[in-house]
Amino acid sequence: MTVVDAARFEEVERYLAALLVPRDAALERAVESAAAAGLPPHQVSPLEGRLLYLLARIHGARRILEVGTLGGYSTMWLARALPPDGSIVTIEAEPGRAELARANVASAGLGGVVDVRTGAALEVLPTLDGPFDLVFLDADKPNNPAYLEWALKLVARGSLIVADNVVRDGAIADVSTADPSARGIRRFLEMIAAEPRLEATAVQTVGGKGHDGFALALVVA
Ligand code: DHB
Ligand code: MG
């Protein structure tokens, strides 16, 4: 295989994003406000946000659940994919981040479809009523196995579960990794593999966010 370096991946990412991702002032402001507030730059990239948006459109998602809001960037991408009667619930543990996400969502005119719940996801999830037809998991990775258990209670046949950060710079390929996030993702992927209700795959991503990936799981029963 040709060896391609990180600079090349980023060059390709810039080219593709400039070509395929329409400029959106509200989304760009959301990234800027998150950086200004000192949030870690962990939101999905524009190309990845566009992928989430397209998945929701392809799926015809009407009720979306997101675990891990951060500043609301992926929330806004998913909300933009909803039909007029659609809605998205997004859970954020840190009140300051939840407030920022609410402000970003409101300034994009999406306040009416986005419900930002403040609290630890494992406390908020039991209070929700399903089914959701798309679930996006993007919170603290050690808890991903527990989030998957809740997701399975809150979906129905035909729902789609998407998870961010399932590669972690390759750490998940290390069977003896001590990294709690990589361990959480490995357990999460093993649970998916063993779950007869799910058919799944994962795609690796490269670029400005490093070497990472998404898992996609369709609820088939
Ligand atoms: C981390 C979390 C994310 O959701 C992400 O996309 C990248 C990094 C993290 O906690 O390190
Ligand atoms: Mg993420």
Side-chain angles (χ1 to χ4, degrees), residues 6 9-10 13 17 21 27-28 30-35 37-56 64-81 88-94 96-98 100-101 104-105 114 116-122 124-125 134-148 150-151 160-174 177-189 192 200-217:
F9 290 142
E10 291 182 41
E13 180 177 29
V21 184
L27 286 167
E28 286 166 20
V31 172
E32 285 159 16
S33 70
L39 268 55
H42 289 166
Q43 69 277 346
V44 298
S45 72
L47 284 168
E48 292 165 353
R50 186 83 162 153
L51 175 62
L52 293 173
Y53 163 87
L54 286 170
L55 286 171
I64 299 177
L65 169 63
E66 178 180 60
V67 182
T69 314
L70 200 64
Y73 181 75
S74 51
T75 317
M76 290 161 68
W77 271 112
L78 289 165
R80 289 230 196 280
I88 173 167
V89 175
T90 182
I91 306 173
E92 175 51 53
E94 295 201 19
R97 295 178 178 184
L100 180 66
N104 285 332
V105 159
V114 178
V116 182
R117 302 283 178 97
T118 310
L122 291 178
V124 175
L125 287 163
L134 193 158
V135 177
F136 179 48
L137 300 179
D138 192 17
D140 51 316
K141 315 311 168 194
N143 273 324
N144 254 42
Y147 298 152
L148 178 63
W150 274 105
L160 180 65
I161 300 171
V162 181
D164 191 25
N165 311 113
V166 301
V167 172
R168 312 279 312 175
D169 278 317
I172 59 135
D174 176 2
T177 180
D179 171 41
S181 293
R183 291 175 65 88
I185 296 292
R186 282 178 62 90
R187 178 82 195 109
F188 166 77
L189 293 168
I192 288 176
T201 190
V203 285
Q204 301 187 64
T205 54
V206 291
K209 303 279 167 189
H211 176 207
D212 218 322
F214 283 104
L216 305 177

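Counting starts at 1 for both ligands and their atoms, following the listed order. Because only heavy atoms are used, hydrogens play no part in the values below, and waters and symmetry mates are left out as well, while side chains stay in.
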S.K.: Return yes if some donor-acceptor pair links the side-chain N/O of E94 with the main-chain N/O of G96 below 3.5 Å, else return no.
M.R.: no
S.K.: If only side-chain N and O atoms count, and only distance matters, is there a donor-acceptor pair under 3.5 Å linking S74 with E66?
M.R.: yes
S.K.: Roughly, to 10 degrees, what angle do D164 atom OD2 and N165 atom OD1 form around the Mg ion (ligand 2)?
M.R.: 90°
S.K.: Report the part of R168 (side chain from C-beta onward, or backbone N, CA, C, O) that has a heavy atom under 4.0 Å from ligand 1; answer both or neither where that applies.
M.R.: side chain
S.K.: May I ask you to decide if G72's main-chain N or O and T69's side chain share a donor-acceptor pair within less than 3.5 Å?
M.R.: no
S.K.: Are more than 12 heavy atoms, taken from residues, nucleotides or ligands other than R97, located less than 6.0 Å from that residue's CZ atom?
M.R.: yes
S.K.: I need the nearest protein heavy-atom contact for atom 6 (O) of ligand 1: residue, atom name and distance, please.
M.R.: N165 ND2, 2.7 Å
S.K.: Would you kindly specify which portion of Q43 sits under 4.0 Å from ligand 1, judged on non-hydrogen atoms: side chain, backbone, both or neither?
M.R.: neither
S.K.: So, applying side chain to side chain contact (heavy atoms under 4.5 Å, CB included) with F214, which one of L52, N165, V167 is it?
M.R.: L52
S.K.: Quick one: does D212's side chain have a donor or acceptor within less than 3.5 Å of a partner on R168's backbone?
M.R.: yes
S.K.: Give a yes or no on whether D138 keeps an N, O or S atom under 2.8 Å from the Mg ion (ligand 2).
M.R.: yes
S.K.: Quick one: does K209 get within less than 4.0 Å of ligand 1, heavy atoms only?
M.R.: no
S.K.: What protein heavy atom is closest to atom 1 (C) of ligand 1, reported as residue, atom name and distance in Å?
M.R.: H42 ND1, 3.3 Å
S.K.: Is the distance from the Mg ion (ligand 2) to some N, O or S atom of S74 under 2.8 Å?
M.R.: no
S.K.: So, is D164 polar-close to ligand 1, with some N/O to N/O distance under 3.5 Å?
M.R.: yes
S.K.: Among side-chain atoms of Y73 and N104, is any donor-acceptor pair under 3.5 angstrom?
M.R.: no
